[in-house]
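Data first, discussion second: the structure below is written as structure tokens.
What you see is a predicted model; the values in this text were computed from it and never measured.
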Amino acid sequence: MARAQHPKVLTANHLRTGAVVWRTADQRWSADPREAELLSDDAHAEVLLLEAQGQAHEVIGPYLAEARAGANGPELLHIRERLRVTGPSVGRSLTQVEAV
């Protein structure tokens, strides 16, 4: 059985600071994942990913992450992205990280 496809958000790390950033609908990078553009068209998401890969002067390691629409913007579906938002998990329980 095929896995259900979810919308995506485009994320990367800011080149100079290393901060996690998210691509917004107005084509800028934001440190706030709630501002991320939720991409439901896979072809469009892939085009944006290619564009981000060409922005090596600004961001590094761009990739698409699964998300869903939430009351306050996109909600990240995988723990990796939730960890990236909250920072290092040393000293925190998995339950605390999953609550983000």
Side-chain angles (χ1 to χ4, degrees):
M1 177 188 270
R3 196 177 117 185
Q5 294 294 314
H6 294 282
K8 313 265 189 306
V9 291
L10 180 56
T11 184
N13 288 86
H14 187 265
L15 179 63
R16 290 197 172 99
T17 66
V20 176
V21 291
W22 310 87
R23 189 186 177 283
T24 66
D26 60 354
Q27 302 176 353
R28 62 186 174 81
W29 293 97
S30 172
D32 186 348
R34 296 171 298 183
E35 292 187 56
E37 178 180 14
L38 193 60
L39 306 165
S40 57
D41 180 331
D42 286 343
H44 180 62
E46 290 295 329
V47 167
L48 294 178
L49 176 59
L50 288 172
E51 287 176 3
Q53 290 169 342
Q55 295 177 345
H57 63 283
E58 189 173 357
V59 295
I60 56 173
Y63 68 95
L64 297 167
E66 290 184 336
R68 66 176 167 235
N72 296 312
E75 294 177 353
L76 305 167
L77 296 183
H78 295 283
I79 195 165
R80 176 183 182 191
E81 283 70 43
R82 293 194 302 263
L83 281 170
R84 291 179 74 230
V85 169
T86 61
S89 59
V90 175
R92 292 187 298 159
S93 73
L94 185 57
T95 303
Q96 289 170 313
V97 170
E98 288 177 339
V100 173

Partner set under salt bridge (charged side-chain N to carboxylate O under 4.0 Å, His left out) for D41, not counting sequence neighbours: none

Joint hydrophobic cluster, L76 plus L64, side-chain heavy atoms closer than 4.5 Å: no

Candidate pair R80 and Y63, rule side-chain contact (heavy atoms from CB on, under 4.5 Å), full reasoning: CA-CA 12 Å; R80 176 183 182 191; Y63 68 95; 3.6 Å; yes

Residue pair L38 / A69: nearest heavy atoms and the distance that separates them: CD2-N, 3.6 Å

Minimum heavy-atom distance between A36 and P74, given as atom pair plus value: O-CG, 3.3 Å

Show me the donor-acceptor pairs within less than 3.5 Å that the side chains of residues 9-25 make with the rest of the protein, sequence neighbours left out.
unit_1 : atom_1 : unit_2 : atom_2 : d
T11    : OG1    : V21    : O      : 3.0
T11    : OG1    : R84    : NH1    : 2.8
N13    : OD1    : R84    : NH2    : 3.1
N13    : ND2    : G18    : O      : 2.9
H14    : ND1    : R16    : N      : 3.3
H14    : ND1    : T17    : N      : 3.2
H14    : ND1    : T17    : OG1    : 3.2
T17    : OG1    : A19    : N      : 3.1
R23    : NH1    : E37    : OE1    : 2.8
T24    : OG1    : D26    : OD1    : 2.3
T24    : OG1    : R28    : N      : 3.2
T24    : OG1    : R28    : O      : 3.2

Expected output: side-chain R68 to main-chain H6 donor-acceptor under 3.5 Å: no

Audit row: V85, E81, side-chain contact (heavy atoms from CB on, under 4.5 Å) steps and yes/no: CA-CA 6 Å; V85 169; E81 283 70 43; 5.7 Å; no

Trace of the side-chain contact (heavy atoms from CB on, under 4.5 Å) decision for D42 with K8: CA-CA 8 Å; D42 286 343; K8 313 265 189 306; 4.0 Å; yes

